[in-house]
Amino acid sequence: MSHAAASTDHEHKPYQQHHFESMEQQTQSTLLGIWLFMAQEILFFGGLFAAYTVYRILYPQAWAMGAGTQNVFLGMVNTIVLIGSSLSIVLAVHSARHNDKKGILKWFALTLLLGLVFFGVKAIEYGTKWDHQLVPGLNWDDGHALHTIQEHAPKNVEINELPKGIQLYYSLYFVMTGMHALHMIIGFGLAIWIMIKAARGRFNAEYYPHVEYFGLYWHFVDIVWIFLFPLLYLV
Amino acid sequence: MNFFAIKTSPIAASEYAREWDKLYAYLMAVSVFFTVAICGVIIFFAVRYRRRSDADRPAPTKDGKLLEILGSVIPFILVMVMFFWGAKLYFDARIPPKDAIEILVTGKQWMWKMQHPNGKREINDLHVPVGVPIKLTMTSEDVIHSFYLPDFRKKMDVLPGKYTQMWFLPEQEGRYHLFCAEYCGTEHALMIGNLHVVSQAEYERWLSTGGTGGMAAAANADDPVAAGQALWEVHCMMACHTGRPGAIGPNIHHAFGTMRELETGEFVLMDENYVRNSMINPNDDIAKGYPAAMTSFRGTLNNNQMNQIIAYLKSVAEDAP
Amino acid sequence: MNDNNTTPPLNYLTNGHTVKSWLLTVDHKRIGILYLIAMTCFFLIGATAATLFRLELATHNANVLANDTYNRLFTMHGIIMVFFFLIPAVPGVLGNFFVPLMIGAKDVAFPRLNLASWYIYMAGGLFTLAAIIGGGIDTGWTFYTPYSSVYADSHVILAGTGVFITGFSSILTGLNFIVTIHKMRAPGLTWMRLPLFIWAQYSTAIINVLGTPVLAITLLLVLAERVLGFGIFDPQKGGDPVLYQHMFWFYSHPAVYIMILPGFGVVSEVLACFSRKRIYGYEFVAFSSLAIAAIGFFVWGHHMFTSSQSPYAGLIFSILTYLVGIPTAIKIFNWTATLYKGSVQLSAPMLYTLGFIGLFLVGGLTGLFLATKAINVHLHDTYFVVAHFHYVMVGGMMMAWLAGLHFWWPKMFGKLYNEFWARVGAVIIFFGFNFTFFPQFIAGYMGMPRRYHVYDIEYQPFQMLSTAGAFFMGIGLIICLVTLVSSLITGKASGKNPWKATGLEWNYASSPPDTHNFTVPIKVDVEAYDYTDERIYQDA
């Protein structure tokens, strides 16, 4: 093909894809692409937050009582764990900037580890909900649910019946945290792929976009959780 | 078939329908004018400025602002007329008159169940007296349906777990279409019926007899008001809600249709949705000054029984709507 | 430019003949062709469904299809046509092929992502086809709850998954186009020099990126309700089925603009070329696309005037809907004014384009009926609505699609089709279309609800006309298809710029284009549609 010979006006840098005119164009394009991806992610979760808002206004009691059954301590632990993983991914980007391959691998490994801790805690929380028969559709029992809610209610509040819309609270809880977890699982896949690339020495101080953009993605996933935690646990 | 015998417009069966037709005519006039004008201009230009030779090099036209300004302002004025006219027509005819006869409509895959004030029921047919406004209070037992009377230009969705309302004033005796307009499953196209507008006398006669044939006569013709009163007494609601000294609940016996103050300081209208919801979820809206002590009737009362209680409360309301 | 006359250079079509060279290509032109083939298949499936139920609808009683079969056919027609033809047609085929060529880029910004989009589209299509082969789905393309989530006894899960997956193809294509148009324009090609096709693609891409995710999450909630029993929209669990409608139309109304805006772009190109004029009021036409995209996000409630939503919310949705009408009217006036003192040639693409303006005009004006609150109450969910959106989607979008396909066909394949038969096809489609859908306005005005296959005999004349017209239109489509396909074998070579059009794709790329675009760097120094520029008339 005559292409390589034809583009004579400039040298291709090693990391530049052939259809870009310059490295700068490539970098800017990728960055814009990532931000647009974030925008669509926001709209994706936006649909869930819209449903959440509507039902919370309709059924404030269900929300108050549902949130009462959450283990705020575990939620707090997970929030701290995720903030920690955000920090470790920042350090991974920092390592990449300084051409520190070991640093990238080390901080990515820590990020994954913290992610696993998050999943472990989440699994405990889901398991408790399952035991208390608080999973709409799959494992739900009105009597058991009422009992659990009564147990978690403050001492001076007497609850005689399930508030209307309580199943909606749990449905949204599972869908929202589930979608968040799905994003984390995708993040795991991406992280492992980037670690393999890093181990093979594909990045250097001039070229480490994968690391940087993964950082952005991971921050986004964390921010979603930062919203979910107060909305689902603390209302 | 004689082409000219084909009907090309719906019957206008009420004053509202005739008003509707006027607005429709305005929209039609605007549309026909613009369609003819723009298509005419395009055809004229296409012929007048057709390419005569491949060497044609038309001189560029300089963009002017006039077309853009006129092209925004004139349509804007025309559509604002549509907007205000359409909104006024809609809002003027939104609230049913106080003297309307209320008929309960329940949509169900794939039939319409109607219940008249005295309890008489019919399926897919609806008999109403001429000259009296008819208010329909509608709900669905399963999916979303939509109650549609094309000759009256009225339509309202019928939703599960919620009441919606619609009203119309029949002016002429006759038989009119009744359709389900919201797709509701396999036999959606068969969820149709007839609206029979009959004279006052005939309606009275029809109400008091077993029915006028067809599927009209339904099994249970109990008076919902009487049934509701019985339920009211059996379930001890009169102990709580009739304003006796020391009663645990607010007096709602003669309060249907009034505004109620809640513990939160809000006011809500005591209507069908409110009463029904209070029976199912008593703690949603706690009345001001009363404890949250009522237990739910979910599972105790079925849909029909709740409707009967509502009917009873309406019948004894001081200002019956 | 760099035509060399000794050996014909490899073009994108001849550069590799294996199946693998097609299925693993990252060349935006080949991906465009992949979309073209896939989309034509989906279109034919959707059209077959339409043929079958149009036959049924010819008479007022059920004599061809059972209730359930009819319901499954119109649902299949809707889902296939909306999600697998109308939404991806112009962006997927013409957008992929021509956006880079028109802005002087070597490819889209993310070529591999572009191929991935096609595979995602196909994956979604296969799920939907599996649903159809497995027995179909009967919810209507709108998947209204609680029918779809609880009551329907058909393959909602498969079809819903298919649409969900395909949505990501739209998102990624939109993302690709936004980045490409922002970052990869040739030097000198400023925003105000861009062809209007690019402006339209850009506006569409914005809606794709911002609207489609909401559809995705909405469908996901329906699926969660159906599969797991979560009660998000189920009234028995306190859920609100009307919330579903809000979320669905939040995407699906803007989706109407996803379908029609690219058509606006095509029409602007063809109109300028065959009247040899710059599009009158270029800036207004360009920005009206953005205005439509923006306002289009806030009008969804006009699908729900009878749904029990607050009548005051309905008022706001009503007035905003009229406001979308203003930029749309501006476009139509400017297109018409473009013809003034032009050099108008009624070639096949131009016939489709002028047909588009007329039909879209009717579609738009009848939209005003539906935006009017009181009028909407009667016409909602009747054949009036069916006719209205077919005037916009078929009369508008499909005509624009065919205009674009004919216009760029010589560039894509290097062959000229038979102009006479192409014009015959265009005229038959235009009249067949009106014949099919105009009677439906009357049936709807008379109150015939949509999705009825058994209906009162008073509506029969209109349905009969409609069925007859549909066959007429079908003949037109077959003529069109045969004309285009046969040109690949018997057509004369088109040369670089057969229409003497402006635009980088016509003047800086051979027909069919080489694998690599713009190997010699170019610089743009003229406005779009400069038909006084003698350079475009030079070599044929």
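In the text below, chain A, chain B and the rest are named by the order of the sequence lines, each starting its count at 1. In this text the structure is predicted, and so the values were computed from the model without any measurement.
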Side chain / backbone / both / neither for [X] at chain C, heavy atoms under 4.5 Å:
X	value
B:Glu182	both
B:Met166	neither
B:Asp21	side chain
B:Lys154	backbone
B:Ala93	neither
B:Cys184	backbone
B:His188	both
B:Arg94	side chain
B:Thr61	both
B:Leu190	side chain
B:Asp54	both
B:Phe152	neither
B:Arg50	both
B:Lys88	neither

Interatomic distance, [X] atom [atom1] to [Y] atom [atom2] [nearest 0.5 angstrom]:
X	Y	atom1	atom2	result
C:Ile375	B:Tyr26	CD1	OH	11.5 Å
C:Leu365	B:Met28	CG	CE	10.0 Å
C:Phe333	B:Leu67	CZ	CG	7.5 Å

Test side chain to side chain contact (heavy atoms under 4.5 Å, CB included) applied to B:Phe45 and C:Val344, step by step: CA-CA 8 Å; B:Phe45 284 171; C:Val344 180; 5.6 Å; no
[X], part contacting chain B, at a heavy-atom distance under 4.5 Å:
X	value
C:Leu354	side chain
C:Thr145	backbone
C:Phe462	side chain
C:Tyr244	neither
C:Val242	side chain
C:Lys277	side chain
C:Arg278	side chain
C:Leu361	side chain
C:Thr139	backbone
C:Ser275	backbone
C:Tyr455	neither
C:Gln309	neither
C:Ser307	both
C:Tyr151	side chain

Donor-acceptor pair, side chain of C:Lys373 and main chain of B:Gly86, under 3.5 angstrom: no
N/O donor-acceptor pair under 3.5 Å between B:Asp63 side chain and C:Tyr280 backbone: no
With distance as the sole criterion, is a donor-acceptor pair present between the side chains of [X] and [Y] under 3.5 Å?
X	Y	answer
C:His378	B:Tyr148	yes
C:Asn334	B:Glu68	yes
B:Asp157	C:Ser308	no

Heavy-atom pair of closest approach, residues C:Tyr147 and B:Gly185: OH-CA, 3.1 Å
Step through it carefully: locate the ring centre of [X], locate the ring centre of [Y], and say whether they are under 6.0 Å apart.
X	Y	answer
C:Phe74	B:Tyr183	yes
B:Phe76	C:Tyr322	no
B:Tyr90	C:Phe305	no
B:Phe44	C:Tyr340	no

Greatest number of heavy atom pairs closer than 4.5 Å to chain B - which of C:Ile330, C:Asp240, C:Ile319, C:Asp234: C:Ile319
Among the listed options C:Ser318, C:Ala152, C:Gly238, C:Ala337, the residue most often paired with chain B at heavy-atom distances under 4.5 Å: C:Ser318
B:Met111 atom CE, neighbour heavy-atom count above 12 within 6.0 Å: yes
Residue C:Phe438 excluded, over 12 heavy atoms near CZ under 6.0 Å: no
Candidates B:Val81, B:Leu89, B:Leu23 - the one meeting side-chain contact (heavy atoms from CB on, under 4.5 Å) with C:Thr372: B:Leu23
Residue pair B:Ser9, C:Tyr445: steps toward the side chain to side chain contact (heavy atoms under 4.5 Å, CB included) verdict: CA-CA 7 Å; B:Ser9 59; C:Tyr445 167 55; 3.5 Å; yes
Test ring-ring contact (aromatic ring centres under 6.0 Å, His included) applied to C:Tyr452 and B:Phe179, step by step: CA-CA 10 Å; C:Tyr452 269 35; B:Phe179 295 132; 5.8 Å; yes
Trace of the side chain to side chain contact (heavy atoms under 4.5 Å, CB included) decision for C:Glu458 with B:Ile6: CA-CA 8 Å; C:Glu458 68 177 289; B:Ile6 295 175; over 6 Å; no
Stepwise side chain to side chain contact (heavy atoms under 4.5 Å, CB included) test for C:Glu534 and B:Arg57: CA-CA 9 Å; C:Glu534 275 302 319; B:Arg57 301 284 186 275; 2.8 Å; yes
